[in-house]
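Accompanying notes for the structure given below.
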Amino acid sequence: MSLTIGVTGGIASGKSTVARAFAELGIPWVDADDIAREVVAPGEPALAAIAERYGERVLDEAGGLNRRVLREIVFADPEERRWLEAQTHPRIRERLEARLAEMAAGPAPYHLLVSPLLFESGQAALVDRCLVIDVPETEQLRRTASRDGVDERQARAIVAAQLDRQARLARADDIIDNSGDEAALAGQIEALDRRYRRLAETSR
Ligand code: ADP
């Protein structure tokens with residue numbers, strides 16, 4: 001059995017960047033955000049439920065989900081956020097478990113579940129260890145604004161809706177400090193890769 005490492009961190013902490021670096025070392029991964037997009041793709045029951053509740057404004061011209069509009073609705077109202085999560089989380093969980101089972105049966109010594117909501121959604125129960133990517137909030141806001149083209153107010157609202165930095169760090173088995181440059185990040189990933197290969201070896 002291959003070891004399952006959960007990778008999490010706030011928005012723009014570097015989760016995708018970290019996953020790509022592990023992939024270069026031959027490590028497979030599944031991204032909970034990709035699965036979350038799959039369950040609201042056209043033809044999926046969750047998208048039909050969302051469109052029924054909020055109407056045409058949450059759909060784009062092609063009948064897909066207008067994520068920006070939906071995000072505004074649920075960030076403005078915790079009740080709506082809970083409703084949306086009740087629609088999507090069980091479906092995301094089911095698909096995630098299927099992907100993890102596939103990777104666990106494969107040849108890689110370990111594999112990753114990359115999820116911004118690893119702790120908040122209970123997905124931590126699906127992994128053997130939690131790797132938290134940590135960046136100072138100012139850097140997180142700067143990278144969010146520059147990557148997603150959102151203004152500072154929106155970036156702050158997104159960050160505020162997530163688990164706070166200390167709560168996340170308290171639950172970490174391993175931590176990546178991604179406040180430095182890409183070279184500093186690569187060194188930490190190589191060290192973790194060696195540690196995870198050793199752990200996978202001894203847990204066999
Ligand atoms: P996440 O998946 O956690 O939202 P990303 O991996 O997309 O975060 O990273 C957010 C942004 O920050 C991206 O534009 C990425 O290129 C950049 N980034 C990530 N790590 C670093 C780093 N160490 N130095 C500079 N920019 C970085």
Side-chain angles (χ1 to χ4, degrees), residues 4-40 65 67-68 70-72 74-75 81 84-85 88-89 92 95-96 99-100 103 110-124 126-127 129-193 195-196:
T4 309
I5 310 295
V7 178
T8 194
I11 183 169
S13 57
K15 295 178 295 297
S16 309
T17 306
V18 164
R20 280 194 298 273
F22 276 109
E24 278 173 23
L25 301 172
I27 298 307
W29 54 285
V30 59
D31 185 331
D33 266 356
D34 292 341
I35 305 287
R37 266 187 279 277
E38 278 181 33
V39 305
V40 292
L65 183 62
R67 301 176 67 83
R68 185 178 288 266
L70 184 64
R71 192 163 60 199
E72 279 165 15
V74 301
F75 277 125
R81 185 171 174 209
L84 180 66
E85 288 175 355
T88 54
H89 284 184
I92 293 168
R95 281 184 208 210
L96 269 181
R99 301 283 168 86
L100 291 173
M103 291 189 291
Y110 68 97
H111 55 273
L112 312 180
L113 164 55
V114 179
S115 174
L117 300 174
L118 188 69
F119 300 127
E120 296 91 323
S121 68
Q123 288 165 2
L126 300 174
V127 308
R129 291 180 77 81
C130 296
L131 169 58
V132 169
I133 306 166
D134 185 50
V135 286
E137 192 177 297
T138 47
E139 191 58 27
Q140 199 186 0
L141 292 172
R142 204 182 60 73
R143 288 179 189 171
T144 300
S146 98
R147 184 194 58 185
D148 300 341
V150 296
D151 63 29
E152 194 186 311
R153 187 187 59 82
Q154 285 170 310
R156 276 190 193 285
I158 295 168
V159 170
Q162 298 186 329
L163 202 65
D164 76 59
R165 188 178 172 199
Q166 293 312 321
R168 208 183 274 122
L169 285 172
R171 298 186 59 176
D173 296 299
D174 308 299
I175 296 169
I176 285 179
D177 170 5
N178 193 23
S179 59
D181 60 13
E182 306 247 354
L185 181 60
Q188 294 177 75
I189 286 170
E190 280 160 26
L192 283 168
D193 177 63
R195 178 186 305 170
Y196 293 151

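The residues of the chain are indexed from 1 along the displayed sequence. Ligands are counted one by one from 1 in listed order, and the atoms in each one are counted from 1 as well.
Each of the atoms 3 (O) of ligand 1 lies under 4.0 Å from some heavy atom of G10. Within the listing of ligand 1, atoms 5 (P), 6 (O), 9 (O), 15 (C), 19 (C) sit less than 4.0 angstrom from a heavy atom of T17.
Among protein heavy atoms, atom 8 (O) of ligand 1 sits closest to G14 N, 3.1 Å. Atom 20 (N) of ligand 1 has as its closest protein heavy atom N178 ND2, 3.0 Å. Protein heavy atom in closest approach to atom 26 (N) of ligand 1: R143 NE, 3.8 Å.
By the 4.0 Å N-to-carboxylate-O rule, E72 lies too far from R68 to be salt-bridged with it. A salt bridge links R156 to E152: one of the charged nitrogens lies within less than 4.0 Å of a carboxylate oxygen. Look at R142 and E137 and you find no salt bridge, because none of the NZ, NE, NH1 or NH2 atoms lies under 4.0 Å from a carboxylate O.
Here the shortest heavy-atom distance to atom 14 (O) of ligand 1, taken over Q188, R20, R147, belongs to R147.
Residue N178 comes nearest to S13 through the heavy atom pair ND2-O, 2.8 Å, listed as atom of the first residue, atom of the second, then distance.
You'll find the side chain of I27 stays beyond 4.5 Å of the side chain of Y196, heavy atoms only. Side-chain contact between R168 and F119 is present, with heavy atoms from C-beta onward closer than 4.5 Å.
In terms of polar-atom proximity, L185 is not counted as a contact of ligand 1, lacking any N or O under 3.5 Å from an N or O of the ligand. Ligand 1 has a nitrogen or oxygen under 3.5 angstrom from a nitrogen or oxygen of A12.
Ligand 1 does not have A19 within reach: every non-hydrogen atom of the residue lies 4.0 Å or more from it. Not a single heavy atom of G9 sits closer than 4.0 Å to an atom of ligand 1.
At a heavy-atom distance under 4.0 Å, no atom of V18 approaches ligand 1.
Between the side chains of E139 and S179, no donor N or O sits under 3.5 Å from an acceptor N or O.
Under a 3.5 Å cut-off, the side chain of K15 and the backbone N or O of G9 do form a donor-acceptor pair.
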